[in-house]
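Remarks on the structure that follows.
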Protein chains: 2
Amino acid sequence: MSPPLVPRLIRHEHVHILTQRFSTGPTVNKKSPARRAPTESDVAKLAGVSQSAVSRSFTPGASVAESTRKKILQAAQTLGYHPNLMARSLATRRSNIFALAISDLENPFYAQVVKELSERLRETGRHILLFVSNPDRSADPDLERVLSYQVDALILTATTASIELALQCQKAGIPIVQINRESRVPGISTIRGENQKAGHRIADFMAAAGHKRIGFIGGTRDSGTSRVRQEAFVSRLAELGISDVQVRYGDYTFEGAAVATRELLSQDRPVDALFCASDYMAFAALDVAKREFSKHIPDDLSIVGYDDVPEAAHAVYDLTTYSQPAAAMVEEAIKVIDLMIENPGRRAQRREVRGELIVRGTAKVPTAGVVTKHGKKIWHP
Amino acid sequence: MSPPLVPRLIRHEHVHILTQRFSTGPTVNKKSPARRAPTESDVAKLAGVSQSAVSRSFTPGASVAESTRKKILQAAQTLGYHPNLMARSLATRRSNIFALAISDLENPFYAQVVKELSERLRETGRHILLFVSNPDRSADPDLERVLSYQVDALILTATTASIELALQCQKAGIPIVQINRESRVPGISTIRGENQKAGHRIADFMAAAGHKRIGFIGGTRDSGTSRVRQEAFVSRLAELGISDVQVRYGDYTFEGAAVATRELLSQDRPVDALFCASDYMAFAALDVAKREFSKHIPDDLSIVGYDDVPEAAHAVYDLTTYSQPAAAMVEEAIKVIDLMIENPGRRAQRREVRGELIVRGTAKVPTAGVVTKHGKKIWHP
DNA sequence: CTGAAAGCGCTTACAG
DNA sequence: CTGAAAGCGCTTACAG
């Protein structure tokens, strides 16, 4: 009755279950006692020292004789000992874990934020506890309990913190910062792109290119980030004599932006230039404009995005956009948090990371003002 | 000396620092004592009960009189008490935290995996501790210490576990499963798409469409997932009389796939059909083919991807691809983990989630075999 | 149903 | 430099 050499295939709903028939080591038939992990005491016993000596050997600045520390690390090695970080957190009241609340992961900008944050954090031995929230509810009940995890800080991006949560964090002395989201709540630090300057510049850019009939697709109606961009854009256009600006909201989603674009292009006098509050929405706009309205870009319609995600540079999009460097924003967020941790009582910070209007192929370009910087064409009149 | 009402703007490197001047509550000038969070003992004192009674009130099945529990919850409410999950983990030896090791977040497929996993997990009160690893080193030193966090399980996707890590996990009784990555290491469960069937079907599809000069762009050379797809594809083509298949590797990156495509299209007899081991790489191929080689798709060149990420359906790509549902794969992964947790000693599982060859616009379609299923055109001869 | 007590695996004054 | 001991904030038998 030797087991078959090829995997057996069992059909089960829409999933195949292939049972594996190779040795899985000593735990194969023993109902795996799940041998509990070795602790400091185990190491201490083996090394013939006290448990506190073991602890010190794993604490960077602690005082242990080099000889005993060596002995201890040796013993730890043979036992396969790893400190229990939960226990350490309990004792030190510091977890080295940051909570990251995020939504909108399909938007590559936020995927980038996750990646950058993770990389920067790992350099200092910290990690991310992830809360992917539903963008439509502002007060995520799951996130409200984030403090239970004794995180050292809370970072939000593509989502915002409720007032209650902000208060809780403040009480507990936990820094809280929002990346790319505004906040009127005191105590929440914010890291933003140049929303206002971008709105002005894109308005100048479109006007200089000769556009008259202009549209704006915002994120959600209550997004401060989107609103700042919109207000700067619309008011500058008004100054330039263009007062009829069509505004729609795409809720930061692909589908929402597609619907908004459809509306803007179905009118009697469709728009001939469109500023979208995110590259991701601009991709949707491009999609609809080309496929459903057979628009030639940028001859029939100029589209400008915001973020400069990596995809924007790809040929299929080749999107003109205002940049907002995720890496720099993440770096600022960490700086702010470290500042607040070292210096509690410090007031909330607000930082702005610079960007540029990157000139690519989806928008008509004014005759003057294009310069090249770091190999990229930017509009800087 | 009243503070200015508008934010002061300080220029500092390439970042603006805007100081905020509003009340931040009682902690403004007090160097914030960071009042420590209330504990069960605090609640017990206020409610006039024992600390263990408080604990029981927060433990689902525990025995407490409804009246005292009410009193306790009341007291907890007024103190703003939240259980300390680190302490709970230490006591229960269960953290309700899953480690997720991932790389390649710019690939939308993996962004989707993160999102789906987070959603499924939150339903059962569990969370994700994130390890974004560098794809080029297989044994991530950071990840090797994952056991220190007392996670309940380890999920890997777009990356694989080292043998050492797998052994550690096995010893500790922690289930470990890889999504979309093969493993020859015993003890690692795997969830895969229909890699082999897909390879066969795409070969059939391309041959039936009349292609003769065919290319394949794989992920990394050592990716089992990619290799299975490749071998099935190449061997079936050989059966069909097409033995000269050009193989390149794009390392699952956009740039890598672009380079590979350039090579395949620069030859004397460039390929007229191309199967890419991921949609993300197929996007790069499309990009290069259109922009650099002015190819008409699919007249000059057919491109087929793998995954069916949401972007594949967008008009700019409109990619023909073999689907691999992230949601279903995540669900299987969780099922497997729960099975292993409830039933330690159980051998590693291997599950395969079904997909379809989704017919869109980037590949020539054979005259027969296209059917419509759930509103999607699929090729199912 | 309820409380006192031990224990989860660490850190960290405090003596020596 | 080193060890004994208290404490971090919980859970969970064990008595009552």
Side-chain angles (χ1 to χ4, degrees), chain A residues 34-73 75-76 79-97 145 147-152 172-173, chain B residues 34-73 75-76 79-97 145 147-152 172-173:
Chain A
R35 193 175 91 191
R36 68 174 48 198
T39 69
E40 284 184 347
S41 304
D42 298 325
V43 177
K45 200 177 299 171
L46 182 60
V49 296
S50 75
Q51 175 256 325
S52 24
V54 178
S55 176
R56 286 193 197 95
S57 300
F58 285 94
T59 308
S63 80
V64 223
E66 194 48 40
S67 58
T68 68
R69 136 169 275 202
K70 243 177 207 153
K71 197 167 48 177
I72 288 172
L73 291 186
L79 288 180
Y81 168 77
H82 291 282
N84 179 329
L85 264 30
M86 296 278 167
R88 176 178 290 175
S89 305
L90 187 58
T92 60
R93 311 157 141 290
R94 223 168 178 293
S95 63
N96 283 318
I97 292 177
R145 271 170 264 134
L147 290 195
S148 286
Y149 285 95
Q150 314 302 114
V151 296
D152 291 349
Chain B
R35 194 175 87 191
R36 70 173 50 197
T39 69
E40 282 184 347
S41 303
D42 299 323
V43 177
K45 201 176 299 169
L46 181 60
V49 296
S50 75
Q51 176 256 326
S52 25
V54 178
S55 175
R56 285 192 198 97
S57 299
F58 285 93
T59 308
S63 81
V64 223
E66 194 49 40
S67 57
T68 69
R69 137 168 272 200
K70 245 177 206 151
K71 197 166 50 178
I72 289 171
L73 292 186
L79 289 180
Y81 168 79
H82 289 283
N84 179 327
L85 262 31
M86 297 278 168
R88 175 179 291 176
S89 303
L90 187 58
T92 60
R93 309 157 145 289
R94 222 168 179 292
S95 64
N96 282 318
I97 292 177
R145 273 170 262 132
L147 290 196
S148 287
Y149 285 95
Q150 314 300 116
V151 296
D152 291 349

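Just so we're on the same page: letters track the sequence lines, and every chain starts at 1.
For the pair B/Q150 and B/R93, the minimum side-chain heavy-atom distance is 4.5 Å or more.
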Next item on the list: Report the C-alpha distance between A/Y149 and B/N84 in whole Å, list the side-chain angles of each, state the deciding distance to 0.1 Å, and finish with yes or no for side-chain contact (heavy atoms from CB on, under 4.5 Å).
Entry: CA-CA 6 Å; A/Y149 285 95; B/N84 179 327; over 6 Å; no

Next item on the list: Take B/V49 and B/V54, measure what side-chain contact (heavy atoms from CB on, under 4.5 Å) needs, and give me the verdict at the end.
Entry: CA-CA 8 Å; B/V49 296; B/V54 178; 4.0 Å; yes

Next item on the list: Verify side-chain contact (heavy atoms from CB on, under 4.5 Å) between A/I72 and A/E40, making sure each step is shown before the conclusion.
Entry: CA-CA 10 Å; A/I72 288 172; A/E40 284 184 347; over 6 Å; no

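Within 4.0 Å (heavy atoms only), A/T92 reaches sugar-phosphate atoms of the nucleic acid but no base atom. Across all strands, B/T68 comes closer than 4.0 Å only to sugar-phosphate atoms, never to a base (heavy-atom distances). A/S63 comes within contact range of at least one nucleobase, with a heavy-atom separation under 4.0 Å.
Rounded to whole Å, atom P of C/dC10 lies 12 Å from atom NE2 of A/H82. Between the C1' atom of C/dT11 and the CG atom of B/L90 lies a distance of 13 Å, rounded to the nearest Å. The nearest whole Å value for the distance from the CZ atom in A/R94 to the P atom in D/dG9 is 16 Å. One atom, CG of B/N84, and another, P of C/dC10, lie 17 Å apart when rounded to the nearest Å. Rounded to an integer number of Å, the gap from CG of A/L147 to C1' of D/dG9 is 15 Å. Straight-line distance from the CG atom of B/D42 to the P atom of D/dC8: 11 Å, rounded to whole Å. Going from atom CE of B/M86 over to atom P of D/dG9 covers 13 Å, rounded to whole Å. What separates CZ of B/R56 from P of C/dA4 is a distance of 11 Å, to the nearest Å.
Checked against C/dG3, C/dT2, C/dT12, the side chain of B/A65 finds its nearest nucleotide in C/dT2. Comparing D/dT2, C/dA5, C/dC8 against the side chain of A/V64 picks out D/dT2 as the nearest. For A/A91, whose side chain is taken as the heavy atoms from C-beta onward, the closest listed nucleotide among D/dG3, C/dG9, C/dG3 is C/dG9. The B/A87 side chain lies nearest to D/dC10 when the options are D/dC10, C/dT11, C/dC10.
Along DNA chain C, the nucleotide nearest to A/Y81 and the one nearest to B/S67 differ in position, and the one closer to the 5' end is contacted by B/S67. In this structure, B/R93 and B/Q51 both approach DNA chain C, and ranking their closest nucleotides by distance from the 5' end singles out B/Q51.
Side-chain nitrogen and oxygen atoms of B/Y149 include none within less than 4.0 Å of the OP1 or OP2 phosphate oxygen of C/dG9. Checking the phosphate oxygens (OP1, OP2) of D/dG3, a side-chain nitrogen or oxygen of A/S50 falls inside 4.0 Å.
The pairing partner recorded for D/dT2 is C/dA15, the criterion being a Watson-Crick or G-U wobble arrangement whose two distances lie under 3.5 angstrom.
Taking every heavy atom of both residues into account, A/A37 and A/D42 meet most closely at O-OD2, 4.2 Å.
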